[in-house]
Novice: 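Take a look at this one; I'll ask things after.
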Amino acid sequence: MTRKIRAAAAIALIGATALTAAGCSAGSDASSDGGKVSMTFWHNSTTGPGKAFWDQTVKDFEAKNPNVTIKVQAIQNEDLDGKLQTALNSGSAPDVFLQRGGGKMSAMVNAGQLLDISDSIGSTAKSQISDGSFKGYQQDGKTWAMPVDVNPEGIWYSQDLFKQAGIEGTPTTMEELNADIQKLKDAGIQPVAVGAKDAWPAAHWYYNFALRACSESVLNKTAQDLKFTNACWKQAGEDTKDFFDTKPFNDGYLTTAAQQGAGSSAGLVANHKAAMELMGAWDPGVISSLTPDGKPLSDLGFFPFPEVSGGKGAPGSMMGAVDGYSCSAQAPKKACTDFLNYMTEKDVQENYYKAFNAIPANKSAQSVVTEPYLKSVLEAYNKAPFVSNYLDTVYGQNVGNALNTSVVNLLAGKGSVSDIVSTVNQAAAKG
């Protein structure tokens with residue numbers, strides 16, 4: 001929510017006039033015969049190195065392709081999906097935009113809103129990006145987006161605060177995590193930061209408990225029939241409630257944003273006000289933009305989501321996503337797919353990593369990853385027997401929104417475990 005990147009750290013004010021102006025390019029692709037082409041590009045990096053990266057990447061692409069002009073709009077991550085859906089439905093979609101994948105992408109494909117890029121994927125992308133990364137963007141035997149990074153999820157933590165609380169090593173089970181949380185409380189340290197104001201960060205705890213409770217086959221079957229009837233969905237809710245009941249989160253978590261400002265959940269970790277945050281691999285970039293000196297957090301560490309006893313999920317399975325970009329159905333095909341391919345070039349991907357502190361999709365560019373915490377992420381990711389996309393992406397926007405809201409209601413004491421299951425089933429039934 002990459003999310004899902006979700007490497008945004010400040011709100012971009014995009015007015016209604018901007019949405020109207022962001023209409024897709026009409027007519028034939030003039031770039032193929034020497035004519036001029038204009039495109040619009042939406043991403044979710046509204047500040048800092050991420051925004052600067054996209055501005056420079058567009059400028060460099062335009063220099064190499066003088067017949068192409070790209071208008072860039074940076075939109076706050078939490079606002080992007082809604083604005084994009086409105087633009088797609090009104091026929092004024094941007095030519096290039098961040099693609100979440102899963103049910104959200106499937107709905108766009110079924111509505112005829114995306115460009116099939118299958119026959120336009122360049123040699124670098126074909127040879128250097130894994131089949132697994134592309135798999136999340138394939139439907140009906142076609143490819144609908146270009147992967148640019150991989151975002152496995154886990155728990156990011158302050159090594160200094162762990163040491164201050166007398167914690168050695170990192171937890172591998174929920175029992176160990178709960179014991180460490182108590183040590184942090186005893187030391188007067190807020191254990192876990194969560195941006196529940198934005199809903200999805202709190203819901204990610206349920207997602208990971210579901211990954212532990214439910215088998216891969218159940219998760220995949222549910223993506224097809226959208227029936228949350230297996231007992232594991234309720235078990236995941238019970239496990240989530242048990243964890244919530246230990247009161248692990250920061251003060252004021254219900255009104256805490258995820259990635260906007262020093263008081264956000266990422267900001268609390270960045271400023272040593274809280275010890276941990278559950279988030280995807282975009283989080284180091286967000287955290288670094290919110291430290292006092294705007295530099296990476298020197299004591300940042302990572303560990304995978306702990307194992308939960310009694311579940312059907314394969315041990316070591318991870319939540320994660322691939323961030324990528326799609327072309328809208330009416331985009332100028334050659335210019336748009338040339339831009340997508342340019343994103344995957346080795347030097348561009350290396351600069352992407354430097355800007356976002358995130359793992360590039362291009363395998364030849366992953367050698368620039370030097371931070372121990374990102375190496376830990378790659379190690380866990382490469383060992384994982386199963387990697388599931390985030391559930392609000394897998395199951396589509398309607399079900400995803402219902403799931404996120406019902407988990408926050410549970411956290412706020414306004415709903416029950418049974419409400420989670422019934423709410424998502426009702427949302428699925430409505431289509």
Novice: For the pair K104 and D81, find out whether any cationic side-chain nitrogen is under 4.0 Å from an anionic carboxylate oxygen.
Specialist: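 Looking at D81 together with K104, the answer is yes, because their closest N to O distance falls below 4.0 Å.
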Novice: Among residues at least two apart in sequence or on other chains, which ones pass salt bridge (charged side-chain N to carboxylate O under 4.0 Å, His left out) with K241?
Specialist: D245
Novice: Do the side-chain N and O atoms of Q259 and D198 include a donor-acceptor pair separated by under 3.5 angstrom?
Specialist: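 The criterion, which ignores hydrogens and geometry beyond distance, is not satisfied for D198 and Q259.
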Novice: Write down the atom of A281, the atom of V150, and the distance for their closest heavy-atom approach.
Specialist: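 So the two residues come closest at CB-O, 4.1 Å.
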Novice: Does either side chain, that of N362 or that of Y353, offer a donor lying less than 3.5 Å from an acceptor on the other one?
Specialist: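 Y353 and N362 do not have a side-chain donor-acceptor pair below 3.5 Å.
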Novice: Which heavy atom of Q397 sits nearest to which heavy atom of Q85, and what is that distance?
Specialist: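 Taking every non-hydrogen atom into account, OE1-OE1, 4.0 Å.
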Novice: Answer yes or no: is there a side-chain heavy-atom contact under 4.5 Å between L211 and F305?
Specialist: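 Heavy-atom side-chain distance check fails, nothing below 4.5 Å.
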Novice: Can you see whether Q224 engages N220 through a side-chain donor-acceptor pair at a distance of less than 3.5 angstrom?
Specialist: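 Not at all, the side chains of Q224 and N220 share no donor-acceptor pair under 3.5 Å.
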Novice: Please say which of V218, V399, L403 ends up in a side-chain contact (heavy atoms from CB on, under 4.5 Å) with F228.
Specialist: V399
Novice: Look at E350 together with K354 and state whether they make a salt bridge at an N to O cut-off of under 4.0 Å.
Specialist: no
Novice: Within the structure provided, determine whether N409 and D419 are in side-chain contact (heavy-atom separation under 4.5 Å).
Specialist: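 Not touching, per the 4.5 Å side-chain cut-off.
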Novice: Is it the case that S418 and S416 place a side-chain donor and acceptor less than 3.5 Å from each other?
Specialist: no
Novice: Between Y207 and N404, is any side-chain donor less than 3.5 angstrom from a side-chain acceptor?
Specialist: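 Note: Y207 and N404 side chains meet the donor-acceptor criterion.
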Novice: Are any non-hydrogen side-chain atoms of M108 and W144 less than 4.5 angstrom apart?
Specialist: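 They are not in side-chain contact.
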Novice: Could I get the full list of ring pair (Phe, Tyr, Trp, His ring centres under 6.0 Å) partners for Y137, not counting sequence neighbours?
Specialist: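 Testing Y137 for ring pair (Phe, Tyr, Trp, His ring centres under 6.0 Å), a comparison that skips the adjacent residues, returns none.
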Novice: Side chains of L219 and F386: does their closest heavy-atom pair fall under 4.5 Å?
Specialist: yes
Novice: With the threshold set at 4.0 Å, does a side-chain nitrogen-carboxylate oxygen contact exist between E379 and K383?
Specialist: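 Judged by the 4.0 Å cut-off on N to carboxylate O distance, E379 and K383 do form a salt bridge.
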Novice: Go through S376 and E371 one step at a time and tell me if the side-chain contact (heavy atoms from CB on, under 4.5 Å) criterion holds.
Specialist: CA-CA 9 Å; S376 297; E371 290 82 359; over 6 Å; no
Novice: Got a donor-acceptor contact below 3.5 angstrom from the D149 side chain to the A358 backbone?
Specialist: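 No.
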Novice: Can T256 and N250 be counted as having a side-chain donor-acceptor contact under 3.5 angstrom?
Specialist: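 Checked: T256/N250 side chains pair up, N/O donor to acceptor below 3.5 Å.
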Novice: Has D131 got more than 12 heavy atoms of other residues, nucleotides or ligands less than 6.0 Å from its CG?
Specialist: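 No, not enclosed.
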Novice: Looking at F356 and S45, what are the two nearest heavy atoms and their distance?
Specialist: CE2-OG, 3.0 Å
Novice: When you compare the side chain of V37 with that of N67, does any pair of heavy atoms fall below 4.5 Å?
Specialist: no
Novice: If every non-hydrogen atom of A223 is compared with every non-hydrogen atom of V394, which pair is closest and at what distance?
Specialist: CB-CG1, 3.7 Å
Novice: In this structure, is the centre-to-centre distance between the rings of F339 and Y325 below 6.0 Å?
Specialist: no
Novice: Under the criterion side-chain contact (heavy atoms from CB on, under 4.5 Å), which of S326, C327, P332, S120 is the partner of L115?
Specialist: C327
Novice: Would the distance check show the side chain of E307 and the main-chain N or O of M174 forming a donor-acceptor pair, the cut-off being under 3.5 Å?
Specialist: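 No, because the side chain of E307 does not come within donor-acceptor range (under 3.5 Å) of the backbone of M174.
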Novice: In terms of the angle between their ring planes, are W282 and Y390 parallel, tilted or perpendicular, with boundaries placed at 30° and 60°?
Specialist: perpendicular
Novice: Salt bridge or not between D119 and K333? Use side-chain N to carboxylate O under 4.0 Å.
Specialist: yes
Novice: Looking at V417 and L410, what are the two nearest heavy atoms and their distance?
Specialist: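 Closest approach of V417 to L410, heavy atoms only: N-CD1, 4.0 Å.
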Novice: Evaluate the ring planes of Y157 and F303, with Trp represented by its six-membered ring, and classify them as parallel (under 30°), tilted (30 to 60°) or perpendicular (over 60°).
Specialist: tilted
Novice: If every non-hydrogen atom of V408 is compared with every non-hydrogen atom of A199, which pair is closest and at what distance?
Specialist: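 The pair with the smallest heavy-atom distance is CG2-CA, 3.5 Å.
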Novice: Flag the pair D79 and K83 as a salt bridge only when some basic side-chain nitrogen lies within less than 4.0 angstrom of an acidic carboxylate oxygen.
Specialist: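 No, this pair does not count.
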